[in-house]
Undergrad: 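This is the structure, below, for whatever I ask next.
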Amino acid sequence: MALGHVPLADIISGVVADFERFNPKVRITLAVGRLADSYGDSVDLTVYRCLQEGITNAERHGEATMIAVDLTERPYNTEDGGGSQASPVLRLSIRDDGHGVTPGVSWGLGLTGMDERVRALGGMLTLTSQPGAGTCLDISIPIDELSRIPDGRKGQRRSRQ
């Protein structure tokens, strides 16, 4: 694992590439927006683990054929929970076209673990689904200026589109 040594965007791209290589029947799209190279070990690891678990759930339990992953830093929105209105958030969204989650079903260990990791960082995890219409996993983690690690260019931040 290269966390802490390689930019977060590159780590995320690698995870998606690995999933595509091991399950070529599932098409995964990745959109990476504005990101610092790192947000510190705890945040980076949480994003990494949530991405792994989110894609695994979409493939295994949702039987998805298409998964869309979006990761970006953005201004705070009241829907993001946690943090102050001055704090930006790191937002990970994983949408799939699978069969959805049955209403009333309890979360398993994977979703529960993701939720605990995210809440420990002051963030919020939401899962929305309609049977037969896919699932959307949204994770928002508040960040601050001190947690951002630029890409080594004297404080300039790296942007990816």
Side-chain angles (χ1 to χ4, degrees), residues 1-77 79-80 82-83 87-98 110-111 113-129 134-161:
M1 187 180 323
L3 283 171
H5 301 285
V6 175
L8 180 60
D10 294 344
I11 297 291
I12 296 308
S13 295
V15 170
V16 169
D18 286 346
F19 272 100
E20 288 177 314
R21 187 172 60 247
F22 291 116
N23 192 352
K25 294 178 184 175
V26 178
R27 182 171 178 253
I28 303 175
T29 61
L30 173 63
V32 177
R34 177 180 177 217
L35 293 178
D37 276 1
S38 176
Y39 294 92
D41 292 345
S42 296
V43 172
D44 290 359
L45 183 59
T46 297
V47 169
Y48 176 84
R49 292 287 185 217
C50 288
L51 177 66
Q52 284 182 316
E53 185 67 29
I55 292 175
T56 297
N57 285 348
E59 288 183 357
R60 182 178 300 154
H61 303 298
E63 298 176 351
T65 58
M66 294 186 68
I67 301 170
V69 176
D70 185 16
L71 178 64
T72 193
E73 179 183 323
R74 66 179 195 162
Y76 177 85
N77 181 316
E79 295 173 3
D80 294 320
S87 298
V89 294
L90 190 59
R91 177 88 182 264
L92 172 65
S93 177
I94 303 170
R95 294 181 183 275
D96 69 64
D97 69 345
L111 280 171
M114 281 192 284
D115 187 50
E116 289 172 357
R117 282 179 182 266
V118 170
R119 283 188 297 122
L121 295 171
M124 189 168 91
L125 180 148
T126 57
L127 185 72
T128 54
S129 180
T135 301
C136 182
L137 173 69
D138 281 308
I139 295 169
S140 297
I141 302 171
I143 54 175
D144 60 37
E145 290 293 328
L146 298 175
S147 69
R148 293 186 187 110
I149 299 172
D151 65 0
R153 292 183 292 212
K154 299 201 184 231
Q156 291 179 346
R157 292 188 45 216
R158 182 162 144 178
S159 297
R160 294 193 169 239
Q161 295 299 338

Undergrad: In Å and rounded to the nearest 0.5 Å, what is the OG to CG distance from Ser42 to Leu121?
TA: 6.0 Å
Undergrad: Mind checking what makes side chain to side chain donor-acceptor pair (under 3.5 Å) contact with Thr65, not counting sequence neighbours?
TA: Asp97
Undergrad: Would you name the heavy atoms of Leu71 and Leu35 that are closest together and state the gap between them?
TA: CD2-CD1, 3.8 Å
Undergrad: Indicate the atoms forming the closest heavy-atom contact of Gly33 with Thr72, along with that distance.
TA: CA-OG1, 3.4 Å
Undergrad: Just verifying a value: how many Å separate Thr46 OG1 and Asp41 CG, rounded to the nearest 0.5 Å?
TA: 10.5 Å
Undergrad: Is there side-chain contact between Val69 and Leu92, with heavy atoms separated by less than 4.5 Å?
TA: yes
Undergrad: Below 4.5 Å, heavy atoms only, C-beta onward: do Ile67 and Glu59 meet side chain to side chain?
TA: yes
Undergrad: List the atom of Ile55, the atom of Ile94, and the distance in Å for their closest heavy-atom pair.
TA: N-CD1, 4.4 Å
Undergrad: Applying side chain to side chain donor-acceptor pair (under 3.5 Å), name anything that partners Thr135, two or more places apart in sequence or on another chain.
TA: Ser129
Undergrad: Arg27: what forms a salt bridge (charged side-chain N to carboxylate O under 4.0 Å, His left out) with it, not counting sequence neighbours?
TA: none
Undergrad: Please name all residues satisfying side chain to side chain contact (heavy atoms under 4.5 Å, CB included) with Ser93, sequence neighbours left out, ordered by chain then number.
TA: Asp70, Arg95, Cys136, Asp138
Undergrad: Does some side-chain heavy atom of Ile11 sit less than 4.5 Å from a side-chain heavy atom of Asp44?
TA: no
Undergrad: If I compare all heavy atoms of Val26 with all of Ala64, which pair ends up nearest, and what's the gap?
TA: CG2-O, 3.4 Å
Undergrad: Minimum heavy-atom separation for Ala9 and Val32, please, with both atom names.
TA: CB-CG1, 3.8 Å
Undergrad: Once you round to the nearest 0.5 Å, how far does CZ of Arg74 lie from CG of Leu90?
TA: 10.5 Å
Undergrad: About how many Å separate CG of Leu137 and CG of Leu127, when rounded to the nearest 0.5 Å?
TA: 6.0 Å
Undergrad: Is any side-chain heavy atom of Arg117 less than 4.5 Å from a side-chain heavy atom of Leu45?
TA: yes
Undergrad: In Å, rounded to the nearest 0.5 Å, how long is the span from CD1 of Ile143 to CZ of Arg91?
TA: 13.0 Å
Undergrad: Mind checking side chain to side chain contact (heavy atoms under 4.5 Å, CB included) for Glu20 and listing every partner two or more places apart, or none if nothing turns up?
TA: Val16, Ile28
Undergrad: Might you point out which heavy atoms bring Ser140 and Val118 nearest each other, and give the distance in Å?
TA: O-CG1, 4.0 Å
Undergrad: Holding to side chain to side chain donor-acceptor pair (under 3.5 Å), I want the full list of residues that pass it with Gln52, two or more places apart in sequence or in another chain.
TA: Tyr48, Arg49
